[in-house]
Amino acid sequence: MNLGHFLTQAAQRYRDQTALVWGQESWSWTELNARVDALAAALSARGVGKGDVILVISRNSNQMFESMWATYKLGAVWVPCNFRLTPPEVAYLGSASGARVMLYENIFPNHVDAVRAEATHLNEVVCIGSAREGETDYEAIVAENLGTAFPEAAVEHDDPCWYFFTSGTTGRSKAAILTHGQMCFVVNNYLADQMPGLGPTDASLIVAPLSHGAGVHAMPQVARGAKSVMLPGSSFDEEAVWRLIEEHGVANMFTVPTILTRMVRHPAVDRYDHSSLRHVIYAGAPMYREDQVAALKNIGKVIVQYYGLGEVTGSITYLPAEDHSIVDDEMPVGSCGFARSGMEIAIRGLEGEMLPPNTRGEICVRGPAVFAGYLNNPEANAKVFKDGWFHTGDLGYLDERGFLYLTGRASDMYISGGSNVYPREAEEVLLTHPGVEEVAVLGVPDPKWGEAGVAVIVRSSSGEFAGLSKAELLGHLEGKLSRYKFPQMFVFWNELPKSGYGKVPKHLIREELYARGDLVKNEAGDRT
């Protein structure tokens, strides 16, 4: 089935019910579908069709939302960009994806110019806002085609619908090919596991950029006729989040652990009614135990965790609300849950052997949610697809009940004095100190140990621990962690660098350590 048919069905069934809210504006299912059909018809008239790539850069808006569904109905391929990317980074995405059309919000003209210079196949630019010479005005072509019903293109299971560019933590990002058949499974998977019972009387809050996980979450929302509510501004505002939850009776939302933690620790959580919440879904990075407990205390037993990758579209494991608890003995503390419906997980060793429970190795997965491969990258495909499994590059273990525990990325592990060290273990313990608000540990070359850990600490904002020191933190680690796992160096910053999706990529921290002079290179190129 063409994914765009989800929207067609919602318009048929729910008609005048509210489909989308953004600021002071709202659209019914009939109105939203009509605008999407109009955009698809306009692009079709300009020669855009099945298999063509549409590059999009915009902050969350109704037009950004519409572009996804119009692309699907055309049978084209959606390539949404994180709006925080630089012009050269977007130019690379445009070139690597083979974009024929670029749809952009008018605050990003430099990105368009960069794409034009590098992507010679680009021949149509559509602007949300004031179009420049040679560009097409988004609202004008929608208005011209309103009332035109657009039939969805016929697609096969393996026809691409979205090139999901990876975050590029270990190099240039790669385009994961997501298909109509795969994503139809993912929609059902999300409805079965993460947000069971979602229906047309519910509202879902869109907090994160539609260009990434929030765009995936929007699909089951449309499939079940649930109203989608977007934040009115481009910056995150805790007060606005809680106000919208009360105003619309929000039932579910998706975010990342760092944002969820900000929400539940903000005073506004107590000023608004959030009793409508059933599923507050967090993913994208592990959530530390202290933050889980804070969320459970402040908003109740409604948080749901999942673990996945862009390549598996969030569908590897989940930990439902009923498996969360503030009491350690009542939940699998540290686990990201068990295999999602229809998916299978294995832990494999260095030689590809299957490892028994409680043995650390690489997390591998198979099932209908696995992507079709990387675009034009046979070397990467050969590396990640082996013996019928997708190799995630993440490390972890399964317990006897099938609960998965992440221990980090294979690339995060470092070897100190001949022993493997997984930074997350030290991070977890350091976060139990009341003076530590955020922490990241990474390994760097060391002349004595081969590699040693560096801990970057953000002190608690309360001010009580302004004098928090390395000595105090080492004392806190004593007896809780093997000494060889202790970081050797402690650095104190006001905040950790984060990606556009709220994650804390280790490569950004590493770059910042060198930029600030906390780490230096000697003449031989070794870091000390």
Side-chain angles (χ1 to χ4, degrees), residues 7 10-11 14-39 56-70 80 83-84 103-108 126-131 137-147 198-212 214-215 217-219 221-222 224-255 259 262-263 266-269 271-277 280 500:
L7 178 58
Y14 310 119
R15 301 190 178 185
D16 295 330
Q17 291 179 223
T18 303
L20 182 65
V21 177
W22 180 41
Q24 299 302 310
E25 296 186 86
S26 65
W27 295 264
S28 70
W29 288 106
T30 297
E31 291 168 335
L32 179 62
N33 188 58
R35 285 180 58 85
V36 167
D37 276 1
L39 176 60
V56 182
I57 182 166
S58 171
R59 296 170 297 181
N60 282 2
S61 65
N62 67 293
Q63 294 95 341
M64 178 69 166
F65 195 90
E66 292 159 2
S67 74
M68 174 171 64
W69 297 100
F83 67 83
R84 294 181 177 87
L103 192 158
Y104 81 104
E105 184 183 358
N106 65 348
I107 64 171
F108 299 108
V126 180
C127 180
I128 303 168
S130 303
D137 183 271
Y138 184 104
E139 289 299 330
I141 60 173
V142 168
E144 289 168 7
N145 290 273
L146 274 177
L198 185 70
T201 61
D202 292 323
S204 298
L205 185 62
I206 297 175
V207 176
L210 287 165
S211 56
H212 208 66
H217 279 259
M219 295 166 67
Q221 291 162 202
V222 169
R224 280 292 174 268
K227 175 174 63 178
S228 293
V229 180
M230 292 188 294
L231 294 184
S234 58
S235 59
F236 183 74
D237 182 340
E238 293 92 339
E239 185 93 22
V241 168
W242 292 117
R243 176 179 55 78
L244 289 170
I245 288 172
E246 177 182 279
E247 179 182 344
H248 295 281
V250 169
N252 81 76
M253 59 180 291
F254 160 74
T255 186
I259 296 299
R262 283 177 56 183
M263 285 173 51
H266 193 275
V269 68
R271 293 198 290 267
Y272 295 93
D273 180 8
H274 47 74
S275 60
S276 59
L277 290 172
V280 178

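Minimum heavy-atom separation, Asn106 to Ser130: ND2-N, 3.3 Å. For the pair Tyr14 and Arg224, the tightest heavy-atom approach, listed with the atom from each and the gap, is OH-O, 4.0 Å. Here the shortest heavy-atom pairing between Asn33 and Ala11 reads CB-CB, 3.6 Å. Nearest heavy-atom pair, Ala203 versus Val229, reported as atom, atom and distance to 0.1 Å: CB-CG2, 4.5 Å. Of all heavy-atom pairs spanning Ala218 and Trp69, the tightest one is O-CZ2, 4.2 Å. Counting all heavy atoms, side chain and backbone alike, Ser58 lies closest to Phe108 at CA-CE1, 4.1 Å.
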Exercise for the section: Might you work through the side chain to side chain contact (heavy atoms under 4.5 Å, CB included) test for Arg59 and Met64, ending with a clear yes or no? Expected result: CA-CA 7 Å; Arg59 296 170 297 181; Met64 178 69 166; over 6 Å; no
Handout entry: Stepwise side chain to side chain contact (heavy atoms under 4.5 Å, CB included) test for Cys127 and Tyr104
Key = CA-CA 5 Å; Cys127 180; Tyr104 81 104; 3.6 Å; yes
Practice task
Show your reasoning for whether side chain to side chain contact (heavy atoms under 4.5 Å, CB included) applies to Ser67 and Val126.
Solution key: CA-CA 11 Å; Ser67 74; Val126 180; over 6 Å; no
Practice task
With side chain to side chain contact (heavy atoms under 4.5 Å, CB included) as the test, would you mind laying out the steps for His274 and Met263 before giving the verdict?
Solution key: CA-CA 12 Å; His274 47 74; Met263 285 173 51; over 6 Å; no
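Asp202 contributes atom CG, which lies 14.0 Å from atom NE2 of His248 (distance to the nearest 0.5 angstrom). From Glu238, atom CD reaches atom CD1 of Ile259 across 7.5 Å, with rounding to the nearest 0.5 Å. Rounded to the nearest 0.5 angstrom, Phe83 CZ and Ser61 OG are separated by 11.0 Å. Thr30 OG1 to Asp16 CG: the interatomic distance, rounded to the nearest 0.5 Å, is 5.5 Å. Separating the CG atom in Leu7 from the CZ atom in Arg35 is a distance of 12.5 Å, to the nearest 0.5 Å. For the atom pair Ser228 OG and Met219 CE, the distance stands at 12.0 Å (nearest 0.5 Å).
For the pair Met68 and Leu210, the minimum side-chain heavy-atom distance is 4.5 Å or more. Counting heavy atoms from C-beta outward, Asn252 and Gln221 have side chains that approach closer than 4.5 Å. Counting only heavy atoms from C-beta outward, the side chains of Glu105 and Ile57 never approach each other to under 4.5 Å. Using a 4.5 Å cut-off on side-chain heavy atoms (C-beta onward), Trp22 and Gln63 make contact. Side-chain atoms of Leu39 and Ile141, non-hydrogen and from C-beta on, do get closer than 4.5 Å to each other. Residues Glu25 and Met230 fail the side-chain proximity criterion, which asks for heavy atoms closer than 4.5 Å. In this structure, Leu205 and Ile245 have side chains that are in contact, with non-hydrogen atoms separated by less than 4.5 Å. In this structure, Pro232 and Asp237 have side chains that are not in contact, with every pair of non-hydrogen atoms separated by 4.5 Å or more.
A 6.0 Å sphere centred on CZ of Arg271 holds more than 12 heavy atoms belonging to other residues, nucleotides or ligands.
Aromatic ring pairs are classed by plane angle as parallel below 30°, tilted from 30° to 60° and perpendicular above 60°; the pair Phe254 and His217 is parallel.
The backbone N or O of Ala251 lies less than 3.5 Å from no partner atom in the side chain of Ser276, so there is not a single donor-acceptor pair. For Asn60 (side chain) and Ala208 (main-chain N/O), a donor-acceptor pair under 3.5 Å exists by modelled atom type. Not one N or O on the side chain of Ser26 forms a donor-acceptor pair closer than 3.5 Å with the backbone of Val21.
Under 3.5 Å, the side chains of Tyr272 and Glu247 contain no donor-acceptor pair of N or O atoms.
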